[in-house]
Amino acid sequence: MNLQQLQQLHTYLWTLPQASGDKRAQVLLYGSAPLLESMDDKVLEQIAHVAALPGLVGAAITMPDAHWGYGFPIGGVAAFDAEQGGIISAGGVGFDISCGIRCLRSNLDARDAAPYFNQLADRLFATIPAGVGEEGQINLNPKQLDQVLLGGAQWAVKQGYGDLADLDYVEENGCVSGAVPGNVSELAKKRQRGEMGTLGSGNHYLEVQVVERIYDNVTAQAFGLREGQLVISIHCGSRGLGHQIGTDYLIMLAKAASRLGIHLPDRELACAPIKSPEGQQYLGAMNAAINCALANRQILTHLTRGTFAEIYPQASLETLFDISHNTCKEEQHEVDGKTRWLHVHRKGATRAFAPGHPRLPTRYRDVGQPVIIGGSMGTGSYILAGTSTNQAFASCSHGAGRAMSRNQALKHWDGRTLINDLERQGILIRTRSMRGAAEEAPGAYKDVDQVAEVTEQAGLARRVAFLRPKVCIKG
DNA sequence: ATGTTC
């Protein structure tokens with residue numbers, strides 16, 4: 001991205017100057033000059049299009065890890081007011097609805113656990129179904145699947161997958177309201193019946209990591225983190241169901257936009273007013289997919305505990321937090337001194353509630369919401385905490401963010417060589433797809449250290465801990 | 001992300 005076309009507001013905040021008579025809302029881009037320079041121009045084009053959508057409140061915003069996505073950029077945040085014709089867009093949520101990360105803290109010390117990492121990697125790989133179309137041990141009938149869509153992680157815990165205590169640390173206590181299984185197509189449901197408790201493919205992973213550095217002792221203590229401790233991060237979403245909902249509703253929302261005469265600067269921005277029948281229908285289906293993803297990560301948590309118990313009989317894994325980064329959520333935000341209910345699209349962006357937020361679990365209320373910036377394969381991840389300085393509708397970066405397309409990555413790297421190199425660095429990868437491994441090469445992603453540092457400097461969140469991967473199960 | 005072409 002050429003920075004000449006931007007106006008710098010602060011060291012880590014930029015805007016796109018508007019021509020007079022331009023009716024679109026403001027565009028705000030968070031990031032350092034080097035991060036923005038390395039971004040595709042498409043990010044700017046896409047977020048400028050988002051700023052022109054009806055009912056947008058404040059600014060259309062990109063996070064430091066933004067990159068080119070379908071319609072909306074990944075790393076994009078846009079809030080809409082239903083009362084002012086605000087819209088909902090499937091492209092603003094993302095195809096993998098409620099994709100996110102569950103982080104578990106263990107009572108294990110990495111040094112003690114290390115001699116068994118090879119065995120752990122093999123057992124996790126055997127237990128956690130991963131890969132495109134991969135099905136798990138669970139096969140649900142239509143009625144049971146509807147219960148998943150209504151109950152989320154609460155349903156999973158009732159079935160014996162995990163503990164009630166987990167739910168305190170899952171957004172919305174593991175279940176969002178407003179899910180309407182009837183708004184989800186039979187095809188979407190059929191695709192999901194055998195895919196509960198599976199990881200998926202692409203950038204999804206299950207990683208065993210060691211806490212290598214603590215930045216903030218007080219917050220780390222509240223999060224239950226200490227140096228040398230083993231933690232587990234599970235990155236996955238709503239699998240075939242979410243993807244099929246995305247496909248179904250792109251078509252429906254495009255028709256609605258056309259019927260209602262909404263001008264779309266890009267056909268990928270298909271959307272409908274929140275208050276329209278189509279908008280309401282998508283919301284019901286999207287909320288069902290959120291519950292599906294929350295249930296999925298809950299089941300994977302349970303499977304992970306089972307494998308750890310085989311190898312480390314003394315192991316105890318507690319949920320630190322479960323965070324989604326592809327959602328649209330109705331939340332209260334203060335805008336120009338007034339509190340308003342807004343529909344906040346976060347696509348490739350996580351929520352990051354400030355200290356004191358009433359929707360935070362008591363344990364974290366004083367320090368702010370745990371935020372997870374997941375790194376690329378082999379590079380490390382960060383745990384951060386929400387701050388009161390955040391002015392991006394309590395939103396924050398979600399990962400390293402791609403710097404190179406999958407096709408470009410395939411030309412640069414060979415999967416097997418890459419995995420051998422990582423193994424020499426003490427990182428054990430297990431995957432069924434060498435092609436997938438090449439596409440996920442760390443070099444194809446932005447530098448996660450830079451993303452986390454800039455996220456903190458921009459005031460979006462503050463760093464608490466750095467996690468170094470040891471074992472990684474890839475989809 | 002994805003029964004990898006939305």
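It should be emphasised that the depicted structure is a prediction, and the values quoted were computed from it without experimental measurement. Below, chains carry the letters A, B, ... as their sequence lines are ordered, and counting in each starts from 1.
- Here B:dT4 presents its P atom at 17 Å from CD of A:Glu440, a figure rounded to the nearest Å.
- Considering only side-chain N and O atoms, A:Arg406 lies nowhere under 4.0 angstrom from the phosphate OP1 or OP2 of B:dT4.
- In this structure a side-chain-to-backbone donor-acceptor pair under 3.5 Å is missing from A:Thr417 to A:Trp413.
- Residue A:Cys99 is the one, among A:Cys99 and A:Leu250, whose nearest nucleotide of DNA chain B lies closer to the 5' end (criterion: closest heavy atom).
- Residue A:Phe95 contributes atom CZ, which lies 12 Å from atom P of B:dT2 at whole-angstrom precision.
- A distance-only check finds no donor-acceptor pair linking the side chain of A:Glu330 to the backbone of A:Leu342 [under 3.5 Å].
- If you take CD of A:Glu195 and C1' of B:dT4, they are 13 Å apart, rounded to a whole angstrom.
- Among the heavy atoms of the strands lying under 4.0 Å from A:Gly200 are primed sugar atoms or P, OP1, OP2 only; no base atom is included.
- If you check the side chains of A:Arg297 and A:Ser324, you find a donor sitting under 3.5 Å from an acceptor.
- In this structure, the CG atom of A:Asn407 is 10 Å from the P atom of B:dT5, given to the nearest Å.
- We find that NE2 of A:His243 is positioned 8 Å from C1' of B:dT4, with the value rounded to whole Å.
- What separates CZ of A:Arg432 from P of B:dT4 is a distance of 18 Å, to the nearest Å.
- A:Glu268 places its CD atom 15 Å from the P atom of B:dT5, with the value rounded to the nearest Å.
- Looking at heavy-atom distances under 4.0 Å, A:Leu187 makes contact with a base.
- Here the options are A:Thr301, A:Asn173, A:Thr319, the test is side chain to side chain donor-acceptor pair (under 3.5 Å), and the partner is A:Asp166; only A:Thr319 passes.
- Contact annotation for A:Ser201: base contact, defined as any heavy-atom pair under 4.0 Å involving a base atom.
- One atom, NE2 of A:His204, and another, P of B:dT4, lie 16 Å apart when rounded to the nearest Å.
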